[in-house]
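Model, not experiment: these values are computed from the prediction.
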Amino acid sequence: EDWVEGNIQYNNKKLEPEVIYNQKGKKGEVVIEQNSLNNEKLSNIKNEWNLELSDDVPMNLSVHSGASITELDLQGLMLEKLDINAGVGDLYVDLGGAWENSFETNIKTGVGAATVILPSKVGVKITSEKGIGISNVAGFISQGEGVYVNEAYEDADVVLTVNTEMGIGEITFKLDK
């Protein structure tokens, strides 16, 4: 079964990714990683990943990005846990849509702007620790001490728990339409 497919384009041999696939019984692990570029000029570097994950396999997804613009459209996946660690650059995460199961998301940002799209039809609880910067949570209800919920939260059977830790920059939470 194909858990991930797509392409990775790069113009520096040092960025050639290593793909590791392990399966034990019904559980499997796919790791795609690449070396970092130390002491290289980044202005002419091409490093673009366009990957599609299977939407019929339950998964724990962990994304670690360094200096990058990261766009993650995760709608429709069978997420059980999501961890995102973004270094320097902009981050866009779309978790909108209808979710059938509750799960926890941990988002840690370094320096840059982050936008997180969250569902309006299932419960959402955000716990936000901010560093130096701004948190925008329009459309959510403050519970105090960096905790926000959407209108669906109180009566929801399915809840997305979003824990964020922001470094320097801005993080914006928006509800899908």
Side-chain angles (χ1 to χ4, degrees), residues 4 6 8-12 14-15 17-18 29-51 53 59-75 77 79-97 99 102-120 122-150 153 159-176:
V4 61
I8 300 172
Q9 298 176 14
Y10 52 92
N11 64 356
N12 185 316
K14 292 179 185 176
L15 292 174
E18 180 180 6
E29 176 181 51
V30 177
V31 176
I32 305 171
E33 60 188 4
Q34 66 186 173
N35 294 321
S36 61
L37 292 176
N38 295 325
N39 302 320
E40 298 273 341
K41 291 185 178 181
L42 298 179
S43 61
N44 296 322
I45 294 297
K46 179 176 186 173
N47 187 28
E48 187 172 308
W49 296 38
N50 292 299
L51 304 177
L53 303 175
M59 70 179 71
N60 294 343
L61 179 61
S62 182
V63 177
H64 298 270
S65 61
S68 67
I69 297 171
T70 304
E71 296 180 19
L72 303 171
D73 182 350
L74 304 176
Q75 296 181 79
L77 296 180
L79 292 174
E80 294 183 344
K81 186 166 196 276
L82 172 64
D83 292 312
I84 300 171
N85 191 340
V88 177
D90 293 342
L91 172 67
Y92 177 87
V93 182
D94 192 343
L95 292 170
W99 293 92
S102 300
F103 65 92
E104 181 178 26
T105 300
N106 298 297
I107 301 173
K108 185 176 182 180
T109 63
V111 178
T115 301
V116 182
I117 307 299
L118 295 164
S120 56
V122 300
V124 173
K125 178 181 179 184
I126 301 167
T127 303
S128 181
E129 289 184 31
K130 69 175 188 172
I132 301 171
I134 300 169
S135 292
N136 300 308
V137 289
F140 292 88
I141 302 160
S142 175
Q143 302 287 296
E145 297 185 25
V147 177
Y148 302 88
V149 297
N150 66 353
Y153 176 76
V159 174
L160 272 60
T161 303
V162 181
N163 304 307
T164 64
E165 186 178 325
M166 181 178 72
I168 299 172
E170 179 176 5
I171 190 163
T172 300
F173 298 98
K174 295 180 179 178
L175 290 171
D176 65 0

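- Taking Thr70 as the reference, Ser65, Ser68, Leu72, Leu91 meet the side-chain contact (heavy atoms from CB on, under 4.5 Å) condition, with sequence neighbours excluded.
- Phe103 pairs by the ring pair (Phe, Tyr, Trp, His ring centres under 6.0 Å) definition with Trp99, not counting sequence neighbours.
- Listed by chain and residue number, Asn163 satisfy the side-chain hydrogen bond (donor to acceptor under 3.5 Å, both in side chains) test with Glu104 (two or more places apart in sequence, or in another chain).
- Partners of Asp83 by salt bridge (Lys or Arg N to Asp or Glu O under 4.0 Å), not counting sequence neighbours, listed by chain and number: Lys81.
- Gln9 CD: more than 12 foreign heavy atoms inside a 6.0 Å radius.
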Item to check | Derivation of the side chain to side chain contact (heavy atoms under 4.5 Å, CB included) call for Lys14 and Asn35 | outcome: CA-CA 7 Å; Lys14 292 179 185 176; Asn35 294 321; 5.5 Å; no
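- Scanning for side-chain contact (heavy atoms from CB on, under 4.5 Å) contacts around Leu15 gives Tyr10, Asn12, Gln34, Leu37, Ile45, Asn47, with sequence neighbours left out.
- Within the structure, side-chain hydrogen bond (donor to acceptor under 3.5 Å, both in side chains) contacts touching residues 109-118 (residues at least two apart or in different chains) do not occur.
- Listed by chain and residue number, Asn85, Glu165 satisfy the side-chain contact (heavy atoms from CB on, under 4.5 Å) test with Lys108 (two or more places apart in sequence, or in another chain).
- Atom-to-atom distance recorded for Glu80:CD and Leu61:CG is 12.0 Å, nearest 0.5 angstrom.
- Remark: Gln143 engages no residue in a side-chain hydrogen bond (donor to acceptor under 3.5 Å, both in side chains) (not counting sequence neighbours).
- Contacts of Glu33 classified as side-chain contact (heavy atoms from CB on, under 4.5 Å), with partners at least two apart in sequence or in another chain: Glu18, Ile20, Val31.
- Within the 4.5 Å cutoff, the side chain of Tyr148 has no heavy atoms near those of the Phe173 side chain.
- Annotation: side chain of Thr161 is not in contact with side chain of Ser102 (no heavy-atom distance under 4.5 Å).
- Paired with Lys125 under the rule side-chain contact (heavy atoms from CB on, under 4.5 Å), one option of Val162, Asn150, Leu160, Val147 passes, and it is Val147.
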Item to check | Check against side chain to side chain contact (heavy atoms under 4.5 Å, CB included), Phe140 and Leu118 | outcome: CA-CA 10 Å; Phe140 292 88; Leu118 295 164; 3.9 Å; yes
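- In this structure the side chain of Leu51 reaches within 4.5 angstrom of the side chain of Ile8, judged on heavy atoms.
- Enclosure of atom CD1 in Ile32 by more than 12 non-hydrogen atoms of other residues, nucleotides or ligands within 6.0 angstrom is indicated.
- Residues forming a side-chain hydrogen bond (donor to acceptor under 3.5 Å, both in side chains) with Ser135 (at least two apart in sequence, or on another chain): none.
- For Asn50 (side chain) and Gly6 (main-chain N/O), no donor-acceptor pair under 3.5 Å exists by modelled atom type.
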Checklist entry - Would Ile117 and Tyr92 count as a side chain to side chain contact (heavy atoms under 4.5 Å, CB included) if you check the C-alpha gap in whole Å, the side-chain angles of each, and the deciding distance to 0.1 Å? => result CA-CA 8 Å; Ile117 307 299; Tyr92 177 87; 3.5 Å; yes
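- Taking each heavy atom of Leu95 and Leu79 in turn, the nearest pair found is CD2-CD1, 4.1 Å.
- Residues forming a side-chain hydrogen bond (donor to acceptor under 3.5 Å, both in side chains) with Glu170 (at least two apart in sequence, or on another chain): Asn136.
- Across every non-hydrogen atom of Leu175 and Gly139, the tightest pair is CD1-O, 3.6 Å.
- The side-chain contact (heavy atoms from CB on, under 4.5 Å) with Thr164 is formed by just one residue from the set Thr127, Ile84, Ile171, Asn106; it is Ile171.
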